[in-house]
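For reference, the structure discussed in these notes is given below.
Along the sequence shown, residues are numbered consecutively beginning with 1. This structure is a prediction, so every number in the text was calculated from the model and none was measured.
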Amino acid sequence: MTPDAGTTVDHYDRLLAEHYTWMLGGDVHEVADRQAALLAELGLAGTEDDGTAIDLGCGSGAQTLALIRLGFSPVIAVDTSRRLLDELVSYVRGAEAVRPVHGDIRTVLPEAAEPGTVAAVVCMGDTLPHLPSKSDVRVLLGHINRALVSGGHLVVTYRDLTAELRGTNRFIPVRSSDNRLLTCFLEYRDEDTVIVHDLLHTRTNGSWQQQASSYPKLRLASSWLIEQCRAAGLDVRHDAADSRGMRILHAVKP
């Protein structure tokens, strides 16, 4: 890791959490509608008898809201950002529907759910590559398999960063509006890691100010992730890229 590359937790606390919902488009409920449609298409739906779901890396709540709309309850929403968890709670009607957990997705599952009691686990929005190492991914998949009921679902969305971009292609516009502009720059460190540099420009009283922060991300190949799911005991049912370049992986516990 480069000296200027902090941890993901620090990066979100310093820079992204305040602007996270804006990055998604500004309307959490609209994003939740799209996520609910995706999850329903993959065959996820809550039941009266066994509807517990877990949202790993819930952010401001788009996936949590989608799971609630599909009938899952409770939804255990996990994130390292208290600010984003507080924002999520502000969107939820009925406190019993969601259980916010401020914690690390690598360790929370054994503490949050008994083995074989969870109907669905989602880890979406490019959360999985935020883990420190590939070994953490393997351990997490093992925890997920143990938590799921037979026939339980896992849905992961992430970016496959294994193909190295070069030159100016490493500058990627994220979103822009009249008073905010977010661009990221990718620095490929080694075969497993890329350093993401986020450059945020905000305008106040006609003057533009820049904030910059960096953090490491894992380069996860889709073929590798499929292998790890299978090794953890999960049956991969779907793996493809959507129109925006996010890979969607759906696996089921046999």
Side-chain angles (χ1 to χ4, degrees), residues 1-2 4-35 38 55-66 79-81 83-85 87-88 91 105 122-132 155-189 193-204 207-220 222 240-249:
M1 185 186 302
T2 55
D4 60 338
T7 67
T8 303
V9 176
D10 292 339
H11 182 74
Y12 273 76
D13 285 344
R14 288 197 310 266
L15 185 68
L16 290 189
E18 179 182 355
H19 307 280
Y20 186 84
T21 299
W22 172 82
M23 289 165 51
L24 297 179
D27 188 335
V28 166
H29 296 285
E30 183 178 310
V31 179
D33 287 340
R34 295 198 300 268
Q35 299 290 47
L38 168 63
D55 183 3
L56 298 175
C58 61
S60 56
Q63 288 76 234
T64 297
L65 292 172
D79 206 279
T80 56
S81 171
R83 179 171 187 150
L84 290 175
L85 286 170
E87 184 179 345
L88 182 161
Y91 299 132
I105 68 171
V122 301
C123 185
M124 301 173 72
D126 215 21
T127 295
L128 201 62
H130 288 73
L131 294 182
V155 177
V156 178
T157 63
Y158 67 103
R159 292 193 182 278
D160 183 340
L161 298 173
T162 52
E164 183 172 343
L165 301 177
R166 298 183 182 278
T168 55
N169 288 332
R170 295 174 295 167
F171 291 87
I172 302 173
V174 179
R175 191 179 180 216
S176 62
S177 60
D178 290 344
N179 296 311
R180 273 183 285 191
L181 173 64
L182 179 62
T183 304
C184 75
F185 171 74
L186 303 181
E187 177 189 358
Y188 294 85
R189 176 49 43 83
T193 311
V194 60
I195 305 300
V196 179
H197 303 271
D198 280 330
L199 303 175
L200 176 70
H201 292 84
T202 55
R203 182 167 61 179
T204 305
S207 176
W208 285 96
Q209 296 180 336
Q210 176 182 288
Q211 294 173 273
S213 183
S214 306
Y215 69 107
K217 243 181 180 181
L218 289 177
R219 302 172 71 180
L220 302 177
S222 59
D242 67 13
S243 60
R244 294 180 294 176
M246 293 287 284
R247 292 207 70 86
I248 303 167
L249 182 146

remark   = Rounded to the nearest 0.5 angstrom, the CG-CD1 distance for Leu128 and Ile105 is 6.5 Å
task = Please name the pair of heavy atoms, one in Leu88 and one in Cys58, separated by the smallest distance, quoted to 0.1 Å.
result = CD1-SG, 3.7 Å
ask   = Can you tell me if Ser177 and Trp22 form a side-chain donor-acceptor pair at under 3.5 Å?
value = yes
message = Can you give me the closest heavy-atom contact between Ala62 and Ala32, atom names plus distance?
response = O-CB, 3.4 Å
message = Parallel, tilted or perpendicular: which one describes the rings of His201 and Trp208, with boundaries at 30° and 60°?
response = perpendicular
key: Pair Asp178 + Arg203, salt bridge at N-O below 4.0 Å   = no
key: Parallel, tilted or perpendicular, as decided by the 30° and 60° cut-offs, for the rings of Phe185 and Phe171   = tilted
message = I need the Thr183 OG1 to Leu199 CG distance, nearest 0.5 Å.
response = 6.5 Å
ask   = Which value, rounded to the nearest 0.5 Å, describes the distance between Leu186 atom CG and Glu164 atom CD?
value = 10.0 Å
task = Considering non-hydrogen atoms only, spot the tightest contact between Gln63 and Asp55 and give its length.
result = CB-OD2, 3.3 Å
ask   = Under a 4.5 Å cut-off applied to non-hydrogen side-chain atoms, are Tyr188 and Leu165 in contact?
value = yes
request  = Taking the side chain as every heavy atom from C-beta outward, state whether Lys217 and Leu161 have any atom pair closer than 4.5 Å.
outcome  = yes
request  = State, yes or no, whether a side-chain contact exists between Arg189 and Glu187 at a heavy-atom distance under 4.5 Å.
outcome  = yes
key: Evaluation steps, side chain to side chain contact (heavy atoms under 4.5 Å, CB included), between His19 and Leu182   = CA-CA 10 Å; His19 307 280; Leu182 179 62; over 6 Å; no
task = Please check if any side-chain donor atom of Ser213 sits under 3.5 Å from a side-chain acceptor atom of Asp198, or the reverse.
result = no
ask   = Hey, mind stepping through His130 and Tyr215 against ring pair (Phe, Tyr, Trp, His ring centres under 6.0 Å) and telling me if it holds?
value = CA-CA 9 Å; His130 288 73; Tyr215 69 107; 5.4 Å; yes
inquiry  = If I take atom CG from residue Asp126 and atom CZ from residue Arg247, how far apart are they, to the nearest 0.5 angstrom?
reply    = 12.5 Å
query = Going by an N to O cut-off under 4.0 Å, is there a salt bridge joining Glu87 and Arg83?
reply = no
task = Heavy atoms only: give me the nearest Leu181-Ser176 pair and the separation to one decimal.
result = CD1-CB, 3.4 Å
task = Before giving the answer on side-chain hydrogen bond (donor to acceptor under 3.5 Å, both in side chains), spell out for Asp160 and Thr162 the whole-Å C-alpha distance, their side-chain angles and the decisive distance to 0.1 Å.
result = CA-CA 6 Å; Asp160 183 340; Thr162 52; 2.5 Å; yes
note = Distance col, row Ser60:OG vs Met23:CE, nearest 0.5 angstrom, shows 9.5 Å
ask   = For Pro216 and Thr193, which heavy atoms make the closest approach, and how far apart are they?
value = CB-CG2, 3.9 Å
task = Mind running side chain to side chain contact (heavy atoms under 4.5 Å, CB included) on Tyr20 and Leu84 for me, showing each step along the way?
result = CA-CA 8 Å; Tyr20 186 84; Leu84 290 175; 3.7 Å; yes
ask   = If we only count heavy atoms from C-beta on, is the Val196 to Ser214 side-chain gap below 4.5 Å?
value = no
ask   = Atom OG1 in Thr204, atom CG in Asn179: separation rounded to 0.5 Å?
value = 7.5 Å
request  = For Tyr158 and Met124, run side chain to side chain contact (heavy atoms under 4.5 Å, CB included): C-alpha distance rounded to whole Å, both residues' side-chain angles, the deciding distance at 0.1 Å, then the answer.
outcome  = CA-CA 7 Å; Tyr158 67 103; Met124 301 173 72; over 6 Å; no
key: Candidate pair Val122 and Leu56, rule side chain to side chain contact (heavy atoms under 4.5 Å, CB included), full reasoning   = CA-CA 6 Å; Val122 301; Leu56 298 175; over 6 Å; no
task = Answer yes or no: is there a side-chain heavy-atom contact under 4.5 Å between Ser222 and Leu249?
result = no
